[in-house]
Amino acid sequence: MPNFHGSDDEPKNWKSQWDILEYLDATLKPGMKSLETGCGYSSVVAASSGADHTTVTPSIDETERVKKFCDEAGINRENLSFDIGPSYAVLAKGGSELDLVYIDGAHGFPHPCVDWMHTEARLTVGGTLLVDDIRIPTCRMLHDFLLEEKNWKLERLIGDTSIFTKTGLTQNNADWMGQGANASYPDFSFLPAHSRAAKKSRHLAERTLATLGLTKPVKRLLGIK
Ligand SMILES: C[S@@+](CC[C@H](N)C(=O)[O-])C[C@H]1O[C@@H](n2cnc3c(N)ncnc32)[C@H](O)[C@@H]1O
């Protein structure tokens, strides 16, 4: 099996799960536009599918190994392109619409979320998003966030990769109140247990007064400015 990762002295194999490679093979078709963060076996599968596929990786070595492998295996890679650099920089440039995005690049926080941030608006409604390695807590954060959003639907899990469909137009991500992940606001769980209940009651009382337009009169009554 080829090693696409690591250095020539210390080769590594960080291959996606076989079932994911099979999923990509079955899903990607000529005419589709797809993008992945990270490079390797999934790039070879994307090349052989004939989809118009972009691989984003900071490693030129990986891309050279993938090209060499494809050429030696007789896999046509004319629709496979590489965008070299860390994904947070490459993807910030934007680009055309996508039918499928596979997030499997840098796994530390906040990279999976940044990959999503820069690609989600490019994904068409009905398009597919794969979040790899959700057994890693920093990848799982993205998975958990999407579970709560109304324009994303979890279709299935393959091992520790989640596969979502974008079911509606991109939401305004600056609107934190509109995000399902913030439905439990105010969340005082960062406080010691004994002070949580008091904080929450005070918050509810203040909100009720504000809703009734009584904040100012009550403050006047209590002599608070
Ligand atoms: C788990 S491997 C990807 C495996 C690949 N999907 C496969 O099937 O072989 C992670 C990849 O992320 C790449 N990577 C590391 N940092 C990155 C970054 N900042 N942006 C994009 N890719 C990055 C690595 O070079 C590596 O190709």
Side-chain angles (χ1 to χ4, degrees), residues 1-28 32-73 75 77 79-95 98-120 122-123 127-143 156-164:
M1 289 220 312
N3 292 311
F4 293 118
H5 308 110
S7 63
D8 289 338
D9 294 339
E10 246 187 282
K12 298 264 191 283
N13 186 339
W14 298 324
K15 179 184 74 56
S16 302
Q17 304 167 74
W18 285 118
D19 287 351
I20 286 299
L21 297 177
E22 278 172 19
Y23 174 87
L24 292 173
D25 186 45
T27 306
L28 292 172
M32 284 176 74
K33 287 183 187 300
S34 52
L35 179 146
E36 69 180 320
T37 54
C39 173
Y41 283 75
S42 43
S43 320
V44 173
V45 170
S48 81
S49 75
D52 185 354
H53 185 82
T54 304
T55 291
V56 181
T57 174
S59 167
I60 293 185
D61 288 349
E62 289 175 357
T63 65
E64 290 305 317
R65 291 178 198 129
V66 165
K67 285 183 201 168
K68 185 164 176 279
F69 179 86
C70 289
D71 295 346
E72 288 174 359
I75 296 169
R77 58 176 174 84
N79 291 325
L80 172 66
S81 53
F82 298 101
D83 218 334
I84 313 285
S87 54
Y88 61 81
V90 167
L91 297 175
K93 293 182 294 186
L98 297 164
D99 301 300
L100 182 143
V101 172
Y102 180 33
I103 296 182
D104 189 22
H107 289 52
F109 180 82
H111 293 275
C113 297
V114 170
D115 288 355
W116 171 81
M117 185 182 98
H118 287 311
T119 51
E120 60 118 4
R122 292 174 60 187
L123 195 64
T128 302
L129 172 75
L130 291 89
V131 183
D132 205 47
D133 289 305
I134 60 169
R135 70 189 187 286
I136 300 174
T138 43
C139 301
R140 173 72 183 275
M141 284 176 182
L142 174 59
H143 168 88
R156 59 189 285 206
L157 292 167
I158 297 182
D160 69 344
T161 303
S162 52
I163 302 179
F164 288 88

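First listed ligand is number 1; within each ligand, the first listed atom is number 1. Note that this is a predicted model, so its numbers are computed, not measured.
- Across the listed options P58, S43, G105, G105 owns the non-hydrogen atom lying nearest to atom 12 (O) of ligand 1.
- Residue contact check: S16 has heavy atoms under 4.0 Å from atoms 5 (C), 6 (N), 7 (C), 8 (O), 9 (O) of ligand 1.
- Ring geometry for Y41 against W18 counts as perpendicular: the plane angle is over 60°, on a 0 to 90° scale with 30° as the lower cut.
- The closest donor-acceptor contact from the side chain of N3 to the backbone of H5 lies at 3.5 Å or more, if one exists at all.
- For the side-chain contact (heavy atoms from CB on, under 4.5 Å) criterion with V131, the lone passing option out of P112, C113, S162 is S162.
- There is a side-chain donor-acceptor pair under 3.5 Å between Y102 and S16.
- The S87 neighbourhood of ligand 1 comprises atoms 18 (C), 19 (N), 20 (N), 21 (C), with distances under 4.0 Å to a heavy atom of that residue.
- Residue T37 has no N or O atom closer than 3.5 Å to an N or O atom of ligand 1.
- Proximity to H5 (heavy-atom distance under 4.0 Å) selects the following atoms of ligand 1: 4 (C), 9 (O), 27 (O).
- With hydrogens left out, the protein atom closest to atom 24 (C) of ligand 1 is E62 OE2, 3.5 Å, a heavy atom.
- Shown in contact with P86 at under 4.0 Å from a heavy atom are these atoms of ligand 1, numbered in order with element: 18 (C), 19 (N), 20 (N).
- When hydrogens are left out, the protein atom nearest atom 3 (C) of ligand 1 is D104 OD2, 3.3 Å; that is the closest non-hydrogen contact.
- Side-chain contact check for R122 versus V101: every heavy-atom pair is 4.5 Å or farther apart.
- Among T119, D115, T57, the one residue that satisfies the side chain to side chain donor-acceptor pair (under 3.5 Å) test with S87 is D115.
- Remark: ligand 1 atoms within the under-4.0 Å shell around heavy atoms of Y41 are 7 (C), 8 (O), 9 (O).
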